[in-house]
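Take a look at the structure below.
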Amino acid sequence: MATILYRIGRWAFRRRRLVGGLWLGVLVLAVAAAALAPAAEEEDISMPGTESQKAFDLLDERFPRGNSQGAEARLVFQAPDGQRVTATENKAAVEDALGSLDGDDQVASATDPYATGAVSEDGTIAYSTITYAVDAVDLTEPTKRALEDAAGQARDAGLTVEIGGSALDAEESPGGTTEIIGVAVAAVVLVLALGSLVAAGLSLLTAFLGVAIAFGLVSALAVPLGLTSTVAILALMLGLAVGIDYALFITSRFRDERAQGREPEEAAGRAVGTAGSAVVFAGATVCIALVGLGVVGIPELTKMGMGGAGAVALAVLVSLTLAPALFGFFGRRVLSRAVRRTTPPGSGRPHPVPVTAGRPGLGIRWARFVLRRPVAVLLVAGLGLGAVALPALSLELGLPGDESKSVETTQRRAYDLLSEGFGPGFNGPLTVVVDLSESTDARATTDLVVRTVRGVDGVESVGAPVLSRTKDTAVLTAVPQTAPNSGETKDLVHTIRGAVSDTEAATGAGILVTGTTALNIDISEAMSDALIPYLTVVIGLAVLLLMVVFRSVLVPVKAALGFLLSVGAAFGVLVAVFQWGWAADLIGIEQTGPVMSLMPILIIGIVFGLAMDYEVFLLTRMREAYVHGASPDEAIVNGFRHSGRVVAAAAIIMISVFAGFIGMNSPTIQTMGVGLASAVAFDAFVVRMAIAPAVLALLGHRAWWLPRILNRVLPNVDIEGEALSRHAPASLTEQDAAMRRFPVGRS
């Protein structure tokens, strides 16, 4: 692989105008396709195979009119203190507000709260349900404005009015202040790490181009593939983070090769052949883990995984081809000042940077500290991560609704008003679907189901059943006494399902409990059940891939255990912030609750690949030194000398990018940002830079042991670039220089 990538790097350097032109053309096509594509619809999460989804599918089949319904809104009215919403003047204000919607062609119907009984028992709160003929994404601005004007008209009459439902839901779009701050921090870190504005700009340019193409393709394919805005934002988040990191690794290796005296084209080829090999492997692990999310069985999660994998794959391709092309465009300006001083313009072949005596860098000092105290470092780091992970034992999964939105939104205030007027369970009703096709007495069966559900503890009320045209299906609504995301409601769903099982056996009817609340519960339980198997597959994959790369048994096991620690600590942070409310105010979270169901598996898939990034980039240099004759301790120091600073910079960049998405007004994106930023921080700075060298120091030569049978069976991917020695004469290696400069000892 190193040889092929070496040739690609040299070709891209020589044909830089062609490479740059091709990528620019792809960018223009992607942007044009995105601009011409229609807006995508925000689809609800589904879970094929669950009872809830089976019920929804049955409803679609037996009640075809339901398929034509579009967006829905609720106007919630509250009378002033001491008054009733049924008072003459308040009733007139409500009717006038609803009457103002009559002329809108997109409004299919608007219910009269006084005719439908949608008034609270104390008479202070009422609501009207407005159904539209089109989906939320197709609602015109005049239609949305008419809804807001109707609410404003009633407010002018003295009522409190809020708007709930999907009509005002908007897609999340990138480009907020926090994302800009994250990118700005990444740019500053790049400048400090590379010591060159040109080199930093090169890394940012490659990342932005890859992200722009990925975002454009996701937007263009949104309608035919059913991709949501969350898929686009995940692609943006991952593509930006890994794109900057991958370009940074290749640029850093190119500068090292130039500093050792190699010609620009040769240095570009070797940078892509060595660091590029690590980039390919790291990107492949991220893609495999993300594509593997499809085995969970949730279409939305599968799309998120595919979108993220596509963005990562693009980042790899751009880094391998555009980065060496840009080396040719920018020439010596990519190099640090020290290298430029040793090579006057036009002097031809640069001279190696002289080795000067002086204080070793921070990475070397840290490595030597760990080598002197490996047990202490291992205990402190391991116990610290374990303590942070403890809250994960209380992890609860759920799906966010209007209750998780900011109180500054009208949807959240509408939710609170409905809970106040009609009880906490009103916002999460359960739908009981009765399949009467095998029942001999449809009416008697339906009545029995109503009595059974009404008799279950925790059910506030049961509505009158609605029969299909052919009388083969009945639908009734059960309102719980508790809030949708509460544990009591979860237990209630299981209790109702257990209670109706006897009725099914006695009548031959099929009885299914569904609704948004029940579907969320089913998805959360399915996620919990899939978490351990998916984690097992990911860890097994990590061990196998690292065994191939590092020709070792213990290094992969160590890496997998470290990955578990970092993921556990990240879950602990999610529980502490989103369930317990620790530091929630700092990131704008006003309502705590269960962690979003999709997050644990999604974070495992993403963090697995990112963790392998740092493992590969740090340990590749260690193994490279070890196979060239360095002792285990010398190899550790050499790895930190060459890769420690770059890995630290890459981690800070990735943390900054992920943290930049925390400020978005979306519980899904906020949870993803917090989880990924904390996981990368723990994995890069605690696991890879503290636990990994401590374990390697304790293992010594055993760390790089591989049984003979595995050595014969496993393929040799040559990630260190050994085969490249045939393409150019060998010169003084960086390892030899480092060993002579910094002899390593335990004392």
Side-chain angles (χ1 to χ4, degrees), residues 1-8 246 249 253 270 272-292 295 309 312-313 316 320 534-564 605 608-632 635-636 638-639 643 683 687-688 691-693 695-696 698-727 735:
M1 181 169 67
T3 303
I4 296 174
L5 293 177
Y6 167 83
R7 292 170 179 166
I8 290 175
Y246 293 165
F249 290 129
R253 187 62 184 248
R270 284 181 171 269
V272 176
T274 53
S277 296
V279 164
V280 170
F281 171 81
T285 57
V286 181
C287 292
I288 291 171
L290 288 173
V291 172
V295 303
V312 172
V316 172
L320 295 178
Y534 182 73
L535 190 59
T536 302
V537 171
V538 165
I539 291 176
L541 179 64
V543 171
L544 180 60
L545 291 177
L546 291 178
M547 197 177 296
V548 171
V549 171
F550 294 118
R551 320 297 295 178
S552 165
V553 173
L554 296 180
V555 166
V557 172
K558 178 269 306 173
L561 294 177
F563 165 69
L564 281 177
F608 161 69
L610 302 182
M612 296 308 104
D613 281 7
Y614 303 127
E615 182 79 9
V616 169
F617 289 120
L618 195 58
L619 267 70
T620 295
R621 286 299 186 102
M622 295 183 189
R623 174 171 169 77
E624 193 174 337
Y626 182 78
V627 298
H628 282 86
S631 70
I636 293 172
N638 189 72
S643 300
D683 196 86
V687 173
R688 306 305 157 190
I691 293 178
V695 172
L696 291 176
L698 293 173
L699 290 176
H701 290 283
R702 293 178 300 236
W704 307 105
W705 169 78
L706 183 71
R708 290 182 179 178
I709 185 171
L710 289 179
N711 192 40
R712 290 195 300 268
V713 172
L714 294 177
N716 186 3
V717 296
D718 187 25
I719 202 167
E720 297 92 359
E722 286 293 315
L724 298 185
S725 59
R726 298 192 297 268
H727 292 270
Q735 291 89 347

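Since the model is a prediction, treat every value here as computed from it, not as a measurement. Nothing fancy with the numbering, it's 1 onward along the sequence.
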Query raised in the report: Do you know the tightest heavy-atom contact between V553 and P707?
Result: CG2-CD, 3.5 Å
Report summary line: Minimal heavy-atom distance between V555 and A703, with the atoms involved, is CG2-O, 3.3 Å
Requested in this report: Could you tell me which non-hydrogen atom of A560 sits nearest to which non-hydrogen atom of I539, and how far apart they are?
Outcome: CB-CG2, 3.7 Å
Requested in this report: Determine the minimum heavy-atom distance between A278 and V616, stating which atoms define it.
Outcome: CB-CG1, 3.5 Å
Query raised in the report: Which heavy-atom pair separates A635 from A630 by the least distance, and what is that distance?
Result: N-CB, 4.2 Å
Requested in this report: Mind checking the CG-CG spacing from L320 to L5? Nearest 0.5 Å is all I need.
Outcome: 6.0 Å
Query raised in the report: Could you state the interatomic distance from OH (Y534) to CZ (F608), rounded to the nearest 0.5 Å?
Result: 8.0 Å
Requested in this report: Report the C-alpha separation of W704 and L554 in whole Å, then their side-chain angles, then the decisive distance to 0.1 Å, and conclude whether the side chain to side chain contact (heavy atoms under 4.5 Å, CB included) test is met.
Outcome: CA-CA 7 Å; W704 307 105; L554 296 180; over 6 Å; no
**Report entry** Side-chain touch P632/L696, heavy atoms, less than 4.5 angstrom
**Finding:** no
Query raised in the report: Looking only at heavy atoms, which two atoms of A559 and L546 are closest? And how far apart?
Result: CB-CD1, 3.3 Å
Query raised in the report: Are more than 12 heavy atoms from other residues, nucleotides or ligands located less than 6.0 Å from atom CD1 of I4?
Result: no
Query - Sole residue of R621, R253, M622 in side-chain contact (heavy atoms from CB on, under 4.5 Å) with S643 - result: R621
Query raised in the report: Is the shortest heavy-atom distance from the side chain of V687 to the side chain of L561 under 4.5 Å?
Result: no
Requested in this report: Carefully, step by step, assess F617 and V279 under the rule side chain to side chain contact (heavy atoms under 4.5 Å, CB included).
Outcome: CA-CA 8 Å; F617 289 120; V279 164; 3.8 Å; yes
Query raised in the report: CG of L564 to CG of D683: how many Å apart, nearest 0.5 Å?
Result: 10.5 Å
Report task. Kindly state each residue pair satisfying salt bridge (charged side-chain N to carboxylate O under 4.0 Å, His left out) with at least one member in residues 539-557, sequence neighbours excluded. Result -> none
Report summary line: Sorted by chain and number, sequence neighbours left out, ring-ring contact (aromatic ring centres under 6.0 Å, His included) with Y614 holds for none
Query raised in the report: Which residues pass the side-chain contact (heavy atoms from CB on, under 4.5 Å) test with R712, sequence neighbours left out?
Result: R708, I709
Requested in this report: Drop me the distance from F281's CZ to T620's OG1, to the nearest 0.5 angstrom.
Outcome: 8.5 Å
Query raised in the report: About how many Å separate CD of E615 and CG of L619, when rounded to the nearest 0.5 Å?
Result: 4.5 Å
